[in-house]
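Before any comments, here is the structure.
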Amino acid sequence: MEKMSPSTTFKALLVGMFMILYLIQAFIYLGAAVLIVPLAKRLGLGSVLGFLVAGIIIGPIISLLGGQPVHLQEFAELGVVIMLFLIGLELEPRMLWALKHRLIGLGGLQVVFTILMVFALAIAFNVKWQIALVMAFIFSLSSTAIVLQLFDEQRLTKTQGGINTFSVLLMQDILVIPMMAVIPLLSSQPLSTHEILPSSEAQALTNVLMAIHSLPDWQYAGVLVLTIGIVIFGGRFISRPLFHYVARSNLREVFTAVALMIIIGVSALMSVVGLSPALGSFLAGVVLANSEFKKELEVNLAPFKGLLMGLFFITVGAGIHFETLIANMNWVFALTIGLIVIKFALMFLIGKLFKLPISDRWLMSLSLAQAGEFGFVLLSFALTQAVLPKAVADVLSLVVALSMCIAPLLFVVYQKWLLPFYEAQKNSQVDNDPIDHPSPVIIAGVGRFGQIVNRFLRSSGFETIAIDHQSHNVELMRQVNIRGFYGDASHPDLLYAAGIREAKLLVIAFDDKEQAVTLVKYIKKTYPKVPVFARAFDRQHYFELYQAGADFIVSETYFSALELGKEALKTLNVHPFIAMQKKTAFAETEATFRKKLYEKWKEADGDKQFQASYTALFLEIEAILAEQMQTIHSQDMPAHRSEKYRPEK
């Protein structure tokens with residue numbers, strides 16, 4: 001066996017050492033996420049803040065290992081690119097066109113006003129105008145990654161406030177392009193090719209980049225238009241045949257590889273011509289929004305997006321240099337707080353100018369008050385272009401990172417305090433509706449459950465009166481000529497006006513479980529002759545309502561689940577008659593033993609012996625259920641339906 005030379009052996013050991021260090025760093029990153037993020041989620045702080053805190057905690061450890069979070073952050077930013085691609089998939093081109101007024105109005109004004117305000121303040125503090133302008137560019141941007149992740153977790157993306165906020169973020173991403181075009185013009189020092197890409201292997205790419213960026217303005221604009229045209233043309237006419245070709249192989253991993261290939265390819269193409277990779281991937285997503293492969297793309301890319309986004313947030317936290325922070329603490333905190341206050345105030349005023357609802361104004365202003373990941377891009381670019389001194393860039397980098405760490409806390413303030421306050425205020429501004437005349441049937445709560453009960457009874461010829469504490473539910477009822485009234489159905493005076501004394505039935509279908517139990521107790525004590533039907537959320541709630549005295553209780557998903565189970569049996573080649581018998585037998589057996597389960601539940605809530613006896617009884621019921629169901633055979637079905645059932649195709 002040929003022996004390796006000492007130099008070759010040293011290189012191999014060096015490569016192995018770096019691999020070990022990267023593996024250790026990866027273990028630390030993932031371990032911190034596993035430990036911290038679930039805890040943050042449990043405390044109601046959200047996963048984004050958990051990832052950021054995890055990064056802050058392990059920052060010193062990474063530096064001891066000689067790690068470079070910045071390098072890993074560049075890789076993790078692929079998560080932002082994938083996220084914008086997935087967002088683009090949700091937006092058809094005509095929907096994007098419909099956002100044009102919000103893009104130009106809300107987004108354009110936010111960026112312009114922020115740049116002017118920050119620039120003026122920086123000049124007032126005797127900052128060089130070139131540095132002041134770069135600071136204004138950086139601080140005018142917000143974090144697309146953090147905001148959209150938070151909106152996705154709280155299902156706010158498709159609300160009016162979420163759409164307005166997204167429009168501002170999208171406009172910011174678009175304006176990154178002219179900002180990067182302006183920054184080199186601010187430099188007082190020429191930059192050599194060697195300073196941009198010093199490695200000899202990258203010389204060819206360097207030549208291409210220099211050739212593109214040295215073109216006259218009109219030619220460079222033509223290159224940008226051509227690049228965007230290639231993305232649109234490829235998305236419409238090349239991607240579909242490619243997806244069809246890969247889909248025939250029935251290999252999901254290859255389909256995932258194609259999706260990643262498209263995103264990475266578009267990002268690389270955009271980077272070459274100086275455009276934002278995230279903006280390019282968003283455009284590719286919009287082009288594919290009408291594709292029949294849309295859902296498959298979303299499913300395959302979602303795990304990559306989640307993991308890389310989490311990694312990106314960790315690197316932001318880990319990238320905070322504590323020595324620089326301590327040395328410049330006053331400036332860093334003053335700039336961070338000032339940035340948040342300025343952006344919040346400007347966005348709130350712009351929202352008022354556009355006459356947005358006050359809750360949406362708070363959502364937009366708090367969500368966009370931080371700096372963003374593209375701030376790091378502009379910082380790095382300005383540093384390489386010799387526009388910013390290294391010391392200033394380090395301080396600004398800390399301001400961007402800290403503001404991003406504060407962003408989830410601002411969102412928690414909105415979710416926990418501001419949103420409930422404005423919802424309560426909105427409902428309190430609507431007085432209880434005067435009820436003109438009582439009805440024999442009172443329905444308390446007309447959400448997704450109560451409105452079906454109400455429609456069923458009304459269509460059967462019975463007069464009902466529906467009461468709900470959400471004013472928008474009442475408005476929807478009145479739009480379709482359903483007699484509905486706003487108010488708290490548990491309030492005695494409102495029930496009296498609705499005719500509870502002479503009522504033939506009260507249906508309780510609102511969402512508050514404790515309030516439902518309290519109302520049952522009140523009715524049974526004050527109007528014991530009125531039948532009370534109630535909706536239960538689960539078995540525990542069922543027993544509480546039963547104990548309170550409700551005459552009839554139904555678990556909201558019980559019969560729909562049984563119906564689905566019956567249809568499942570039919571699809572599995574069980575005869576419809578047998579499937580119906582099994583459904584009936586299951587319901588009857590459950591009803592037979594429900595009182596026994598209730599007695600066990602009533603014995604001692606929380607007692608370990610009770611838990612054991614309850615579990616034993618439940619397992620006994622399961623065995624009886626299985627035995628009962630197995631006794632139903634095909635011989636039990638009518639003679640004229642004895643042929644084997646085959647589900648319809």
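Quick caveat: nothing in here was measured; it's all calculated off a predicted structure. We're numbering straight along the sequence, starting at 1.
For the residue pair L52 and P408, the shortest heavy atom distance occurs at CD1-CG, 3.9 Å. Considering every non-hydrogen atom in both A550 and A534, the closest pair reads CB-CB, 4.5 Å. Here the closest non-hydrogen pair linking A509 and G450 is CB-CA, 3.8 Å. The minimum heavy-atom distance linking I263 with S281 is given by the pair CG2-CB, 4.5 Å. Across F312 and A145, no two heavy atoms sit closer than the pair CE2-CB, 4.1 Å. For the pair S239 and L288, the tightest heavy-atom approach, listed with the atom from each and the gap, is OG-CD2, 3.2 Å.
Salt bridge K513/E544: absent, no basic N to carboxylate O contact under 4.0 Å. Salt bridge status for D511 with R448: absent, with no side-chain N to carboxylate O gap under 4.0 Å. For the pair E298 and K295, the salt-bridge criterion is met [side-chain N within less than 4.0 Å of a carboxylate O].
Side-chain contact between V81 and F282: absent, with no pair of heavy atoms (C-beta onward) separated by less than 4.5 Å. A heavy-atom distance below 4.5 Å is found between the side chains of F411 and L156. Residues Q149 and Q154 fail the side-chain proximity criterion, which asks for heavy atoms closer than 4.5 Å. Side chains of M580 and K566 form a contact here, defined as non-hydrogen atoms less than 4.5 Å apart. Side-chain atoms of L519 and I523, non-hydrogen and from C-beta on, do get closer than 4.5 Å to each other. In this structure, the side chains of I443 and I465 stay at 4.5 Å or more apart for every pair of heavy atoms. Between Y414 and L150 there is no side-chain heavy-atom pair separated by less than 4.5 Å. L301 has its side chain within reach of F85: a pair of non-hydrogen atoms, C-beta onward, lies under 4.5 Å apart.
Geometrically, R535 engages F537 in a cation-pi contact defined by less than 6.0 Å to the ring centre and at most 45° from the axis.
In this structure, the side chain of D468 engages the main chain of V446 through a donor-acceptor pair within 3.5 Å. Using modelled atom types, one side-chain atom of K582 and one backbone atom of M629 make a donor-acceptor pair closer than 3.5 Å. When atom types are taken as modelled, the side chain of S143 and the backbone of I146 share a donor-acceptor pair closer than 3.5 angstrom. Formation of a donor-acceptor pair under 3.5 Å by the N300 side chain with backbone atoms of E296 is found in this model. S555 contributes no side-chain N or O that, together with a main-chain N or O of T557, makes up a donor-acceptor pair within less than 3.5 Å. A donor-acceptor pair under 3.5 Å is absent between the side-chain atoms of S249 and the main chain of Y245, judged by distance alone.
For R236, the CZ atom is loosely surrounded, since the number of other residues' heavy atoms within 6.0 Å does not exceed 12. Taking a 6.0 Å sphere around NZ of K521, one finds it holds 12 or fewer heavy atoms contributed by other residues, nucleotides or ligands. When the shell of 6.0 Å around CZ of F586 is examined, it contains more than 12 heavy atoms from other residues, nucleotides or ligands. Sparse packing is recorded around CD of E514, with 12 or fewer heavy atoms of other residues, nucleotides or ligands lying under 6.0 Å away. Within 6.0 Å of CD in E590 there are more than 12 heavy atoms belonging to other residues, nucleotides or ligands. More than 12 heavy atoms of other residues, nucleotides or ligands shown are found within 6.0 angstrom of CD on E253.
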> Can you check side chain to side chain contact (heavy atoms under 4.5 Å, CB included) on L418 and L366, steps first, answer last?
Replying inline: CA-CA 11 Å; L418 292 174; L366 290 173; 3.5 Å; yes
> Would E463 and R458 count as a salt bridge (Lys or Arg N to Asp or Glu O under 4.0 Å) if you check the C-alpha gap in whole Å, the side-chain angles of each, and the deciding distance to 0.1 Å?
Replying inline: CA-CA 6 Å; E463 185 182 358; R458 288 179 69 255; over 6 Å; no
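The aromatic rings of W601 and F543 sit tilted, their planes meeting at an angle between 30° and 60°. Using bins of under 30°, 30° to 60° and over 60° for the plane-to-plane angle, the ring pair Y542/Y546 lands in the parallel bin.
With rounding to the nearest 0.5 angstrom, the CG atom of L617 is 11.0 Å from the CD atom of E599. Here I624 contributes atom CD1 and E622 contributes atom CD; the two are 10.0 Å apart, rounded to the nearest 0.5 Å. Here the CD1-CG distance, from I36 to L49, works out to 11.0 Å after rounding to the nearest 0.5 Å.
Under the 3.5 Å distance criterion, with hydrogens and angles disregarded, no donor-acceptor pair is assigned to the side chains of Y527 and R501. No side-chain N or O of Q160 forms a donor-acceptor pair with one of N164 less than 3.5 Å apart. For the residue pair D152 and T157, no side-chain donor N or O sits within less than 3.5 Å of a side-chain acceptor on the partner.
Among V530, T526, I500, the single residue meeting the side-chain contact (heavy atoms from CB on, under 4.5 Å) criterion with L495 is I500.
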